[in-house]
Amino acid sequence: MSSNLLDKAYEPHNVERHWYAYWEDQDLFAAIEDNKLKSYSIVIPPPNVTGVLHMGHALNNTLQDVLCRYRRLRGDNVLWMPGTDHAGIATQNVVEKQLALEGADRHQLGREKFIEAVWAWKEKFGSAIINQLKRLGASCDWKRERFTMDAGLSRAVRKVFVTLYEQGLIYRGDYIINWCHRCHTALADLEVEHEDIDGHLYYIRYPFENGNGAAVVATTRPETMLGDTAVAVHPDDSRYHHTESERVILPLMNRPLPIIKDKYVDVAFGTGALKVTPAHDPNDFEIGDRHALPSIKVIGDDGRMTAEAGKFEGLDRFECRKAVIEALDQEGLLEKIEPYRHSVGHCYRCKTVIEPNLSRQWFVRTKPLAEKAITAVDNGNTRIIPETWKNTYYEWMNNIKDWCISRQIWWGHQIPAWTCEACGQLIVAMEAPKECPACRQSKLVQESDVLDTWFSSALWPFSTMGWPEKTPLLKIFYPTSVLVTGFDILFFWVARMMMMGIHFMGEVPFKDVYVHALVRDEDGKKMSKSSGNVIDPLTIIEKYGTDSFRFTLAAFAAQGRDIKMSEKRVEGYRHFVNKIWNAARFALMHLEKDRNRVNLGQLGLADRWILSRLHSVSSAVAEALDTYRFNDAAAVLYNFIWHEFCDWYLEAIKPVLYQKKGPEKESTLAVLWWVLRDTLVLLHPFMPFVTEEIWQQLPGTSGSIMKAAFPSDNKDSPSKVPDPEAASKMGLITAIITGVRNVRGEMHIAPSQMLKVIIQTEDSSIQETIEAHREMIINLSRLRSLAVEAPGAKPAAAATSIVDGAMIFVSLEGIIDFEKEGQRLEKEINKLMNELDPVRKKLNNANFINKAPGPVVEKVKDKQRRLEERRRKLQSNLDRIKQLT
RNA sequence: GGGCGGGUAGCUCAGUUGGGAGAGCGCCGGCCUUACAAGCCGGAGGUCACAGGUUCAAGCCCUGUUCCGCCUACCA
């Protein structure tokens, strides 16, 4: 016991520490390698090893933990595979910064020493995020924790690389790629973030070689003109027909450029003439390819102009832009400058402006892989939930481009390719070759580039399970049951796992993909360090406890909608946790021993009703979790626990509990035990800590709640069937109590004043029900007396309330304010008329009667009958009141 | 340029084959009733963005308009 039952408020801190340690000690998160059990598996989206837990992780892992804990309660053998990602660029940046503080840099250190330094950093700080996930309650199988740079996973990476290369699906070549000068590496197209920037469109005159005027070209990046190797016009553009075989002179460089014709050129844009810079623009590169133009690289990998830039050599690319404009202006070749808003690519890691650069890189040929990945979703082998993301997935897969996978950094999987220094032979192999297969020389140099981090995470669902070995783990747990992830990495990660999983395993990596939303701040803005609106999950956990936080996330995780997070919301659910704590405290005061034998025949109405409700609540929770409707499950539990279990059931059974002893008390205690027991289990996936704490204090339980049976799977549970009779009778009783309370509230009668109530009804079954449960009505509406009689003389000094089939008179002798009662009744009648109006209109419509389905018509007719009766009764009481005033 | 999501109570949002507009918070009134004042009881509050259409019936389906957000794209 780590929290005192006498505490009026739940204190999460010790409870959380205590039970998490207990679960780990007992090995309760461990998956069992036994293929006879029903298996359920999830691989964690591996957080960056440099990462700290943010709201996105918190949501993502809470949802996964809810699913895993739920499936365990349902009896599944669950594998939740944890691990971290080596995050090449990000981690290298972190360690480089650390080196900088020590006055060193990686080049001084050398590659080997630098890699050692990164590993050292990883050993020291790399488990931070894992520990934070534990604070969140994550029930991962920690003993299987993986890291993308582990020996096993690295072998999988090599195997995949070599295989794809041999299959012709990986190639090396000189192409335009996105170059980040800060990170000093190539980036995949996906890793470039586009942003609209207010820039300028510069119109530059390129004089015709023959001296007759000039062609005017427009550009947003004038510095690239230094590398121009042609001017292109559309073949049909009559303005340039006379330029047949003419050339222009490239200003500043005095280089003659051919005028070529290419359909790519948009006649309508600018002057219809396009400068072509094959080394620094992807489209120009393609044009250059078509027309066999030379490529001149004028911007170097360091962001400075190369020797090819002539007198501009050594200038920074942006300084060069200014210098070029000035020089052009001086020569009178700058036609004009217009303001121009256009999209500019930035590095997703460091936000530096990306430069398209000609470079030798490695690529994955994605088309053949994507086709199968599309089919798998098409035919439902993998379901994407919510379905709306299917379109996005298809859209990207259908337009997929080859994937640049080489990175010019040091931290990562070095590409297993070697070049023979003697003959230039390229060798791709699992292990470093001893000699060149072509010339038998042994001077072989390994490719210095490493692979894109996403290349290794694309293998995550099977590399973590031991592939390329044929392990039992793979056999039992692949394909995984579901992948839970945010939409922001749908392409980066999900799509690539699909491609790799299908290609290498012959089977999709996951049956379901559940795509959740983003966590934003309370104004709906994206949380970011620069906006200063980041809420730290650990701060929230410290302040409000993990269970409140998790429940908040689940309660707001509606499909397709972002979550706006604020402390106020978490605070609200902390109240809920506290409510549960106190309800349990109350129950435990009365439960002294195991009460799990219930004789259903002897149950009271409230007992039967709460068991019936519990039955539908457990079905609803199961249904909701089976369909990833986390917010529905949370709402059902919240409403049941607070408003049905606490507000009605516990209040209703208090008199029974305060009795000395007897069969009634015995069976109520048994029901109370079961309802508490089952509710804790239903709640456990969302609130693992408080439920375990209460479970451990509940007499008659053994072991961890993690091993308990879900109510609907539990043979012994008394909440196995709905009880419509109890539901309907309880409905009548609560309606009567609410009716009396309403009178009390509206007439401002103090709760301390006991009331006298007369109920008139001609329905003998209603009479019987009321008589049978008169104590409940008396207690919960605080009555001095309750009389049930056939309709007859109406008590004079009384306020009225109507329930279906009966009229309630609250005697207010001496205190009734007839005018106030009249107003109250008028208000009631008005409310009723607003309901009745559309119902009458419907029934007066012959088309409705004829065309609507029978049951619908009957339902409306029945409603009309009920409303009419209530209205009639209220009206007669109003008339009577009016006579008395 | 293309695509997606959203507009429902003061705020934040649920609302799954079309058939009774809901919750939480906030607000108003009354209560320290022996689990809980982090509580209990009662109450007020909505032209479901706008305009058409389909239907006996529309918050939900169709068309258009408008506002907000996001993703995506090689117009220099």
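Chain naming here is simple, since letters A, B, ... match the order of the sequence lines and numbering starts at 1 in each.
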(request) Decide yes or no on side chain to side chain donor-acceptor pair (under 3.5 Å) for Lys564(A) and Ser566(A), but give the supporting numbers first. (result) CA-CA 7 Å; Lys564(A) 291 181 196 168; Ser566(A) 78; over 6 Å; no

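Judged by distance alone, with hydrogens and angles left aside, Lys579(A) brings a side-chain donor or acceptor within reach of the base of rC36(B), the pair sitting under 3.5 Å.
Between Val217(A) and Thr219(A), every side-chain heavy-atom pair lies at or beyond the 4.5 Å cut-off.
Within 4.0 Å (heavy atoms only), Lys654(A) reaches at least one base atom of the nucleic acid. Within the nucleic acid shown, Asn742(A) comes within 4.0 Å of sugar-phosphate atoms alone, with no base atom in reach, counting heavy atoms only. Nucleic acid contact for Tyr573(A): none, since no nucleic acid atom lies under 4.0 Å from a heavy atom of the residue. Using a 4.0 Å heavy-atom distance criterion, Asp266(A) is classed as a base contact. At the heavy-atom level, Tyr340(A) lies under 4.0 Å from the strands shown only through sugar-phosphate atoms. Counting any heavy atom pair closer than 4.0 Å across all strands shown, Lys401(A) reaches sugar-phosphate atoms only and no base atom. Glu746(A) comes within 4.0 angstrom of the backbone, heavy atoms only, and of no base. Among the atoms of the strands shown, base atoms are found under 4.0 Å from some heavy atom of Pro853(A). Counting any heavy atom pair closer than 4.0 Å across all strands shown, Tyr638(A) reaches sugar-phosphate atoms only and no base atom. At the heavy-atom level, Val217(A) lies nowhere under 4.0 Å from the strands shown. Arg574(A) comes within contact range of at least one nucleobase, with a heavy-atom separation under 4.0 Å. Within 4.0 Å (heavy atoms only), Thr388(A) reaches sugar-phosphate atoms of the nucleic acid but no base atom. Among the heavy atoms of the strands lying under 4.0 Å from Lys831(A) are primed sugar atoms or P, OP1, OP2 only; no base atom is included.
Nucleotides rA44(B) and rC50(B) place their C1' atoms 28 Å apart, quoted to the nearest Å. Separation of the P atoms belonging to rG18(B) and rG59(B) is 13 Å when rounded to the nearest angstrom. Here, rA21(B) and rC67(B) have their C1' atoms 24 Å apart, quoted to the whole Å. Spacing between rU8(B) and rG24(B) at atom C1', rounded to whole Å, works out to 15 Å. When the P atom is compared between rA57(B) and rG1(B), the two are found 39 Å apart, to the nearest whole Å. Between rC60(B) and rC41(B), the distance separating the two C1' atoms is 36 Å to the nearest Å. Distance noted for atom P between rA14(B) and rA76(B): 38 Å (whole Å). rG15(B) and rG6(B) are spaced 15 Å apart, taking the C1' atom of each and rounding to whole Å.
Of the two residues contacting RNA chain B, namely His748(A) and His643(A), the nearest-nucleotide position lying further toward the 5' end is that of His643(A). The 5' end of RNA chain B is approached more closely, in terms of each residue's nearest nucleotide, by Ala750(A) than by the other of Ala750(A) and His342(A).
Taking 4.0 angstrom as the limit, Lys8(A) places a side-chain polar atom (N or O) nearer than this to OP1 or OP2 of rA37(B). Using a 4.0 Å cut-off, some side-chain N or O of Trp642(A) falls inside it from OP1 or OP2 of rC40(B). Side-chain N/O atoms of Arg629(A) include one lying less than 4.0 angstrom from OP1 or OP2 on rG15(B).
Ring planes of Phe576(A) and Tyr638(A): tilted class, angle from 30 to 60°. Between Tyr514(A) and Tyr628(A), the ring planes lie parallel to each other; the angle is under 30°, not in the 30° to 60° tilted range.
Here rG20(B) presents its P atom at 18 Å from CZ of Arg840(A), a figure rounded to the nearest Å. Across the protein-nucleic acid pair, Leu553(A) atom CG and rG24(B) atom P stand 20 Å apart, rounded to whole Å. Counting to the nearest Å, the C1' atom of rA76(B) and the CG atom of Asp262(A) are 13 Å from each other. Note: CZ (Arg205(A)) to C1' (rA76(B)) measures 18 Å, nearest angstrom. For Phe630(A) and rC13(B), the CZ to P distance is 20 Å, given to the nearest whole Å. If you measure from atom CG of Asp647(A) to atom P of rC40(B), you get 6 Å, rounded to the nearest angstrom. Between the P atom of rC75(B) and the CD atom of Glu286(A) lies a distance of 13 Å, rounded to the nearest Å. The CD atom of Gln559(A) sits 18 Å away from the P atom of rC4(B) (whole-angstrom rounding).
Note: His342(A) NE2 to Leu201(A) CG = 8.5 Å, rounded to the nearest 0.5 Å. Atoms CG and OH, on Asp488(A) and Tyr348(A) in that order, are 12.0 Å from each other to the nearest 0.5 Å. A distance of 7.0 Å separates NZ of Lys861(A) from CG of Leu843(A), quoted to the nearest 0.5 Å.
The side chain of Met589(A) has rA35(B) as its nearest neighbour among rA14(B), rA76(B), rA35(B). Here the nucleotide nearest the side chain of Arg782(A), chosen from rC56(B), rU33(B), rG43(B), is rU33(B). For Phe491(A), taking side-chain heavy atoms from C-beta onward, the closest of the listed nucleotides rC71(B), rC41(B), rC56(B) is rC71(B). Among the nucleotides rC70(B), rA38(B), rA35(B), the one closest to any side-chain atom of His575(A) is rA38(B). Looking at the side chain of Ala218(A), the nearest of the listed nucleotides rC36(B), rA76(B), rU72(B) is rA76(B). Proximity note for Glu651(A) (side chain, C-beta onward) versus rC56(B), rA35(B), rU72(B): the nearest is rA35(B). Of the candidates rG19(B), rA76(B), rA44(B), the closest approach to any side-chain atom of Thr220(A) belongs to rA76(B). Nearest to the side chain of Arg585(A), among rA76(B), rA35(B), rC74(B), sits rA35(B). Between rC25(B), rC74(B), rA14(B), one nucleotide has an atom nearer to the side chain of Asn631(A) than all others, and that is rA14(B). Among the nucleotides rC41(B), rC70(B), rC56(B), the one closest to the side chain of Phe487(A) is rC70(B).
For Arg871(A), the CZ atom counts as densely surrounded, since its 6.0 Å shell holds more than 12 non-hydrogen atoms of other residues, nucleotides or ligands. Within a 6.0 Å sphere centred on CD of Glu387(A), other residues, nucleotides and ligands contribute 12 heavy atoms or fewer.
Paired regions of RNA chain B, where each region holds three or more successive Watson-Crick or G-U pairs whose two hydrogen-bonding distances fall under 3.5 Å, are B:1-7 with B:66-72, B:10-13 with B:22-25, B:27-31 with B:39-43, B:49-53 with B:61-65.
In this structure, Arg782(A) contributes its side chain and Pro751(A) its backbone to a donor-acceptor pair below 3.5 Å.
Between Val298(A) and His280(A), the shortest heavy-atom distance links the atoms N-NE2, 3.0 Å.
A cation-pi contact, defined as under 6.0 Å to the ring centre and within 45° of the axis, links Lys654(A) to Phe586(A).
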